[in-house]
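Here is the structure we will look at.
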Amino acid sequence: MSDLPVLDAEDQRVLGSLLEKQTTVPASYPLTANALRTACNQTSNREPVVEYDQGTVERIARSLKERELVRTVWAGAGQRTLKYHQTLDERLGLEPDERALLTVLLLRGAQSPGELRTRAERLHAFADRGDVEACLRKMAARPEPLVRELERRPGQHDRRWIHLLGPVPEQAAPVAAETVDRDVVIADGPDARDARVRSAYDAVATAYADQLLDELDGLPFETWLLDRVLAHAGGRPVVEVGSGPGHVTAYLAAGGADATGIDLSPEMVAEARRRFPDGNFEVGDLRRLGRPLTSSGWAAVLGWYSLIHLAAAELPNAVAALVRPLDPGGWLVLALHAGTEVRHRDELFGHEVNLDFVLHDPAFVVGVVEAAGLVDIEWYLRGPIPARQETTQRLYVVARTTS
């Protein structure tokens, strides 16, 4: 007879949420009943999204406690607050890498190794896809296997894995689901990718500026968002990372912000200085963003289409790097292409390039921002504007640091 616990969908959501939050927010773990309900009903990094009420969460937690899969503790002033702590990892004897993969499988159902690596990034740093596959095979080779590889279905480019602790909802692995390896852009390493990006934008800098310098004139949503940044900053320092030919930074400066533009491409920076001689533009890497010279931190950091060449696995560290130099209450503003593919270009503005554009999943991006500790997260998805020859949806995310 198997000693593995059999978990229904509600059990899986509660235990998966406890496992996740134990790693991502250790300062507030174990979780109160209210915090556990919020974790279960989270709209990012969850499939399917649920709406449990407080009574449901407490009922599930009591049932898990009776099965010795959850432990309750009393905390707070006078030890009056009941909190919940999962013991599934102890019961199963999980290693850190196994724990991370099982957590994501409990929360999101059947997934490919590439998806698992990306979605487990906050829980455990897997070196590459092969590292994930090795861990999955280790879990499958246990005397009582924890996971199983599924057969590839029509329309799928990769085989998915499921956990064996209970039924996995069918909708978690739709027939026509298509997986995307967003880490393929760093198959030969981040440095090689950076070199391709720098070379491409150096080559197209003048043509890029000629084409896009006045693009904000036809983008009312984007100017509305930038005007909100201006109202928030109130003349304090703001920085645009990946500033290109400088038109967005110049818009912020014209609106009264102490604006700086930073770009990886020296030719783009030279072009921005030529087009906007009164502006402040520097060569720099968004992953090593420092604080402004005139203040303790930035009032706002804008990643305006500057994360579009990064692999999904790189986003958590990149976002964390943008958040670190923000002032308390400072804003992070991101603009990205949204979608389920990686697009390659070998020509851009009449120049030969070798450039990959990563279309990111909105829920994943919002989850990364949330994991970076930001609050009051807003996100907007704008459809393509045919008159501008746009072919992708545009994702905009706004969030702030705690005061």
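Tested against Leu123, the residues Thr24, Leu19, Leu102 include a single side chain to side chain contact (heavy atoms under 4.5 Å, CB included) partner, Thr24. Remark: of the listed residues Asn280, Leu302, Leu289, Leu289 is the sole one forming a side chain to side chain contact (heavy atoms under 4.5 Å, CB included) with Val239. Among Val358, Thr391, Ile308, the one residue that satisfies the side chain to side chain contact (heavy atoms under 4.5 Å, CB included) test with His337 is Ile308. The only option from Arg275, Glu240, Glu215 that meets the side-chain hydrogen bond (donor to acceptor under 3.5 Å, both in side chains) definition with His247 turns out to be Glu215.
Counting heavy atoms from C-beta outward, Glu341 and Phe357 have side chains that stay 4.5 Å or more apart. Side-chain contact between Val104 and Asn45 is absent, with no heavy-atom pair separated by less than 4.5 Å. Between Tyr251 and Leu230, the closest side-chain pair of non-hydrogen atoms falls below 4.5 Å. A 4.5 Å side-chain heavy-atom check between Leu18 and His85 finds every atom pair outside the cut-off. Arg108 has its side chain out of reach of Arg46: every pair of non-hydrogen atoms, C-beta onward, lies at least 4.5 Å apart. Within the 4.5 Å cutoff, the side chain of Glu151 has heavy atoms near those of the Arg159 side chain. Put simply, the side chain of Cys40 reaches to within 4.5 Å of the side chain of Val14, judged on heavy atoms. Residues Val333 and Val397 have side chains not in contact (no heavy-atom distance under 4.5 Å, counting atoms from C-beta outward).
Here the CD atom belonging to Glu133 is positioned 10.0 Å from the CG atom belonging to Asp131, to the nearest 0.5 angstrom. To the nearest 0.5 Å, atoms CZ (Arg91) and CG (Leu165) are separated by 10.0 Å. How far CG of Leu15 is from CD of Glu10: 12.0 Å, rounded to the nearest 0.5 Å. Atom CD1 of residue Ile60 and atom CG of residue Asp8 lie 7.5 Å apart, to the nearest 0.5 angstrom. To the nearest 0.5 Å, the span separating NE2 on His124 from SG on Cys135 amounts to 7.0 Å. With rounding to the nearest 0.5 Å, the separation of CD1 in Ile262 from CE in Met268 is 15.5 Å.
Of the N and O atoms on the side chains of Arg119 and Gln111, at least one donor lies less than 3.5 Å from an acceptor on the other residue. Under the 3.5 Å distance criterion, with hydrogens and angles disregarded, a donor-acceptor pair is assigned to the side chains of Tyr396 and Glu222. There is no side-chain donor-acceptor pair under 3.5 Å between Arg62 and Thr72. A donor-acceptor contact closer than 3.5 angstrom is absent between the side chains of His351 and Tyr208. For Thr260 and Glu282, the side-chain atoms include no donor-acceptor pair closer than 3.5 Å. With hydrogens and angles left out, the side-chain atoms of Arg394 and Thr392 include a donor and acceptor closer than 3.5 Å. In the model, Arg37 has no side-chain atom that pairs as donor or acceptor with a side-chain atom of Thr56 under 3.5 Å.
At a threshold of 4.0 Å, the pair Arg193-Asp356 does not count as salt-bridged, since none of the basic side-chain nitrogens sits closer than that to a carboxylate oxygen.
Here the closest heavy-atom approach between residue Thr340 and residue Arg182 is recorded as CA-NH2, 3.4 Å. Residues Ser296 and Asp327 approach most closely at OG-OD1, 2.8 Å, considering heavy atoms. The two residues Ala399 and Val369 have their closest heavy-atom pair at CB-CG1, 3.7 Å. Residues Arg291 and Leu326 share a closest heavy-atom pair of NH1-O, 4.1 Å.
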Practice problem: Decide side chain to side chain contact (heavy atoms under 4.5 Å, CB included) for Tyr201 and Val197; before the verdict, give the C-alpha distance in whole Å, the side-chain angles of both, and the deciding distance to 0.1 Å. | Solution: CA-CA 6 Å; Tyr201 285 107; Val197 170; 3.7 Å; yes
Quiz prompt | From CA spacing to verdict: side chain to side chain contact (heavy atoms under 4.5 Å, CB included), Gln86, Leu69 | solution = CA-CA 6 Å; Gln86 65 77 30; Leu69 296 171; over 6 Å; no
Practice problem: Test side chain to side chain contact (heavy atoms under 4.5 Å, CB included) on Trp331 and Val301 and set out the steps. | Solution: CA-CA 6 Å; Trp331 283 15; Val301 171; over 6 Å; no
Practice problem: Kindly indicate, with the supporting measurements, whether the criterion side chain to side chain contact (heavy atoms under 4.5 Å, CB included) is fulfilled by Thr23 and Arg99. | Solution: CA-CA 10 Å; Thr23 300; Arg99 188 182 190 279; 3.0 Å; yes
Practice problem: Begin from the C-alpha positions of Glu267 and Arg198 and carry the test salt bridge (Lys or Arg N to Asp or Glu O under 4.0 Å) through to its verdict. | Solution: CA-CA 9 Å; Glu267 291 301 321; Arg198 186 183 299 108; over 6 Å; no
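Listed for the Ser199 side chain is no donor-acceptor partner under 3.5 Å among the backbone atoms of Ala195. Side chain of Ser17 to backbone of Arg13: a donor-acceptor contact under 3.5 angstrom is found. Using modelled atom types, no side-chain atom of Trp298 and backbone atom of Leu322 make a donor-acceptor pair closer than 3.5 Å. Using modelled atom types, no side-chain atom of Arg400 and backbone atom of Asp376 make a donor-acceptor pair closer than 3.5 Å. The closest donor-acceptor contact from the side chain of Ser306 to the backbone of Val241 lies under 3.5 Å. When atom types are taken as modelled, the side chain of Arg345 and the backbone of Glu347 share a donor-acceptor pair closer than 3.5 angstrom. Side chain of Ser243 to main chain of Gly246: no donor-acceptor pair is present (N/O by atom type, distance under 3.5 Å, no hydrogens or angles). Remark: side-chain polar atoms of Glu95 are not paired, donor with acceptor, to backbone N or O of Glu98 under 3.5 angstrom. Without hydrogens or angle criteria, Asn41 side chain to Tyr52 main chain gives a donor-acceptor distance under 3.5 Å. Checked by atom type and distance alone, the side chain of Glu121 never pairs as donor or acceptor with a backbone atom of Thr118 at under 3.5 Å.
More than 12 heavy-atom neighbours from other residues, nucleotides or ligands sit within 6.0 angstrom of NZ on Lys138. The environment of Glu352 atom CD is sparse: at most 12 non-hydrogen atoms of other residues, nucleotides or ligands sit within 6.0 angstrom. No more than 12 heavy-atom neighbours from other residues, nucleotides or ligands sit within 6.0 angstrom of CD on Glu68. More than 12 heavy atoms of other residues, nucleotides or ligands lie within 6.0 Å of CG in Leu381, so this atom counts as buried by the packing criterion.
Between Trp224 and Tyr380, the ring planes are perpendicular. Angles over 60° get that label, and only those under 30° would be called parallel.
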